[in-house]
2 protein chains.
Amino acid sequence: MSAQPTAVSATQQRAAAPAGISAGIERLEATELAAEIEFLTARARSLGSGRANRMLADLDLKVRSYSVLSLACSGENPSQRELADFLSLDPSQIVSLVDQLEKRGAVTREADPRDRRSKVITATAAGRRLYQEASAVVRESEARSLRALDEAERETLRGLLRRVAFDNGD
Amino acid sequence: MSAQPTAVSATQQRAAAPAGISAGIERLEATELAAEIEFLTARARSLGSGRANRMLADLDLKVRSYSVLSLACSGENPSQRELADFLSLDPSQIVSLVDQLEKRGAVTREADPRDRRSKVITATAAGRRLYQEASAVVRESEARSLRALDEAERETLRGLLRRVAFDNGD
DNA sequence: AATTAATAATTGACTTTCTCAATGATATAG
DNA sequence: CTATATCATTGAGAAAGTCAATTATTAATT
């Protein structure tokens, strides 16, 4: 599990950068805050989703809509409620995300025959094609965000985050 | 979330839960999306900061204001620009965060003598006391969010995230 | 030294996201 | 069959994010 060594430390990395460019903030990396996993998680996701959103803009998608599309393509036929739970969003946010994707013909919304209150979201053929493109973009974005880690480290990170993300107390 | 011993898999966890409660979403854990580090990061931070915000509400703080306060207590005397860069926020957001903390007497805002354009943010004695309390709350929150990981795993995660958070491409 | 260009904080406008309560349709429990 | 719960939906209001313009100050150029 602990594949930490390898790679260059963030400090070494930044020391190599042209002084004064991203200046100032490395001083703050020695603070208590910078040691908090929650802070690091927040910063990593802010940078990562910022980049992904910029790169997905070509396809008229954001990380949010991409995520819904991805699950719609999964074959698991999620309901909107499940999408909300899984993506940590309010059900009303899912409504508008699905609205947009449905409007552009990427997904369909059908009443679940076993519980007609809930709507099953499924990708159309066009939606699956869009997902193929978007997925490549997201992989590229992720690769850039994770450039500091080698493949083994990425696997370690994935495993740890998975447990935090899905066994998150109370 | 009653201290789960060590590393129980998320799947085992949920399987043990009363069927139907958090039902449905474990089905989605097998999807491609659920394997994306960026997604896992986003979910982990959403759950984590949600919990931290709820727990900090007693102290009239949010993760945001707590983070500013923490850096103000660091001894590094950050400027607002540095806070913005470090916290991935717009400078105008820092203005209002500092406004609030200043209004309650937790921090001061002083022109930097070496560059009077920038304002140095420093915690007051009251601010440091507040930070002591808040810091304990945040540690407790973090402990709950990370209950799935043992101490060594947390260190590994911290190290990996630190590199992602501070060597984030381009 | 005078002018020009850049940077920090601030304000304000605007957009997007979040949070919640209410509603109608359907399902489940008593 | 009545009461209760759940799902999707709508809409309102709060919070957060984005961006351009302004002022004060500093740095760079002539």
Side-chain angles (χ1 to χ4, degrees), chain A residues 20-25 42-43 45-47 49-54 56-57 60-65 67-68 77-103 107-121, chain B residues 18-25 42-43 45-47 49-51 53-54 56-57 60-68 77-103 107-121:
Chain A
I21 290 292
S22 75
I25 86 159
R43 190 175 148 104
R45 96 92 216 189
S46 175
L47 296 173
S49 79
R51 165 179 291 117
N53 277 330
R54 286 190 300 276
L56 281 170
D60 239 306
L61 286 172
K62 297 186 177 186
V63 170
R64 285 291 169 74
S65 38
S67 300
V68 170
N77 294 100
S79 70
Q80 295 187 193
R81 152 65 59 186
E82 290 171 325
L83 293 174
D85 289 345
F86 201 65
L87 300 175
S88 316
L89 295 175
D90 189 88
S92 64
Q93 296 177 276
I94 302 295
V95 170
S96 69
L97 286 166
V98 172
D99 279 351
Q100 294 164 224
L101 289 170
E102 191 184 34
K103 195 166 301 171
V107 306
T108 62
R109 194 191 228 133
E110 297 176 328
D112 182 339
R114 277 161 308 192
D115 181 348
R116 311 237 322 290
R117 287 171 304 182
S118 64
K119 312 275 182 73
V120 170
I121 308 306
Chain B
I21 289 293
S22 74
I25 85 157
R43 191 176 149 105
R45 96 91 217 193
S46 174
L47 296 172
S49 79
R51 165 179 291 116
N53 278 330
R54 286 190 300 276
L56 282 170
D60 239 308
L61 286 172
K62 298 189 176 185
V63 170
R64 285 293 169 73
S65 37
Y66 160 80
S67 299
V68 170
N77 295 101
S79 70
Q80 294 186 195
R81 154 63 60 183
E82 290 171 326
L83 293 174
D85 289 345
F86 201 65
L87 300 176
S88 317
L89 295 176
D90 188 88
S92 65
Q93 294 177 279
I94 302 294
V95 170
S96 71
L97 286 166
V98 172
D99 279 350
Q100 293 165 224
L101 289 170
E102 190 184 35
K103 195 166 299 171
V107 306
T108 61
R109 193 193 229 135
E110 298 176 327
D112 182 339
R114 277 160 309 192
D115 181 348
R116 312 232 327 287
R117 286 170 304 182
S118 65
K119 311 275 182 75
V120 170
I121 307 306

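These values consider heavy atoms only, across backbone and side chains, with no hydrogens, waters or symmetry-generated copies. So you know, we letter chains A, B, ... as the sequences are listed, proteins then strands, and number each from 1.
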Hey, does the side chain of [X] reach the backbone of [Y] with a donor-acceptor pair shorter than 3.5 angstrom?
{"X": "A/S67", "Y": "A/V63", "answer": "yes"}
{"X": "A/R45", "Y": "B/R43", "answer": "no"}
{"X": "B/S65", "Y": "B/L61", "answer": "no"}

Gap between atoms [atom1] and [atom2], on [X] and [N] respectively (whole Å):
{"X": "B/R109", "N": "C/dA8", "atom1": "CZ", "atom2": "P", "value": "16 Å"}
{"X": "A/R81", "N": "D/dA8", "atom1": "CZ", "atom2": "P", "value": "7 Å"}
{"X": "A/N53", "N": "D/dG17", "atom1": "CG", "atom2": "P", "value": "13 Å"}
{"X": "A/F86", "N": "D/dC7", "atom1": "CZ", "atom2": "P", "value": "17 Å"}
{"X": "A/L83", "N": "D/dA8", "atom1": "CG", "atom2": "C1'", "value": "12 Å"}
{"X": "A/D99", "N": "C/dT17", "atom1": "CG", "atom2": "C1'", "value": "16 Å"}
{"X": "B/I121", "N": "C/dA8", "atom1": "CD1", "atom2": "C1'", "value": "12 Å"}
{"X": "B/L87", "N": "D/dA16", "atom1": "CG", "atom2": "P", "value": "14 Å"}

- request: Under 4.0 Å from any atom of DNA chain D, heavy atoms only: list the residues of residues 89-97 of chain B that qualify, in numerical order.
  value: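 B/L89, B/D90, B/S92, B/Q93, in order of number.
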
task: Look at the side-chain N and O atoms of A/K62 and state whether any lies under 4.0 Å from the OP1 or OP2 oxygen of C/dT16.
output: no

message: Looking at C/dC18, I'd like to know if its phosphate oxygens (OP1 or OP2) sit under 4.0 Å from a side-chain N or O belonging to A/R64.
response: yes

With rounding to the nearest 0.5 angstrom, report the [atom1] to [atom2] distance, [X] to [Y].
{"X": "A/I121", "Y": "A/T108", "atom1": "CD1", "atom2": "OG1", "answer": "7.0 Å"}
{"X": "B/Q100", "Y": "B/R64", "atom1": "CD", "atom2": "CZ", "answer": "11.5 Å"}
{"X": "B/I94", "Y": "B/S79", "atom1": "CD1", "atom2": "OG", "answer": "9.5 Å"}
{"X": "B/R81", "Y": "B/L83", "atom1": "CZ", "atom2": "CG", "answer": "11.0 Å"}
{"X": "B/R117", "Y": "B/R114", "atom1": "CZ", "atom2": "CZ", "answer": "13.5 Å"}

task: For each nucleotide in nucleotides 25-30 of chain C, reading 5' to 3', give B when a protein heavy atom comes within less than 4.0 Å of its base, S when such contact involves only the sugar-phosphate, and - otherwise.
output: BBS---

- prompt: Is there a side-chain contact between A/L87 and A/L97, using heavy atoms and a 4.5 Å cut-off?
  reply: no

- request: Would you mind checking if A/D99 and A/K103 are paired as a salt bridge, meaning a charged N to carboxylate O distance below 4.0 Å?
  value: no

query: Hey, what bend do you get for the helix from C/dA1-D/dT30 to C/dG30-D/dC1 if you fit axes on five pairs at each end, rounded to 10°?
result: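 For the helix from C/dA1-D/dT30 to C/dG30-D/dC1, the axes at opposite ends meet at about 30°.
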
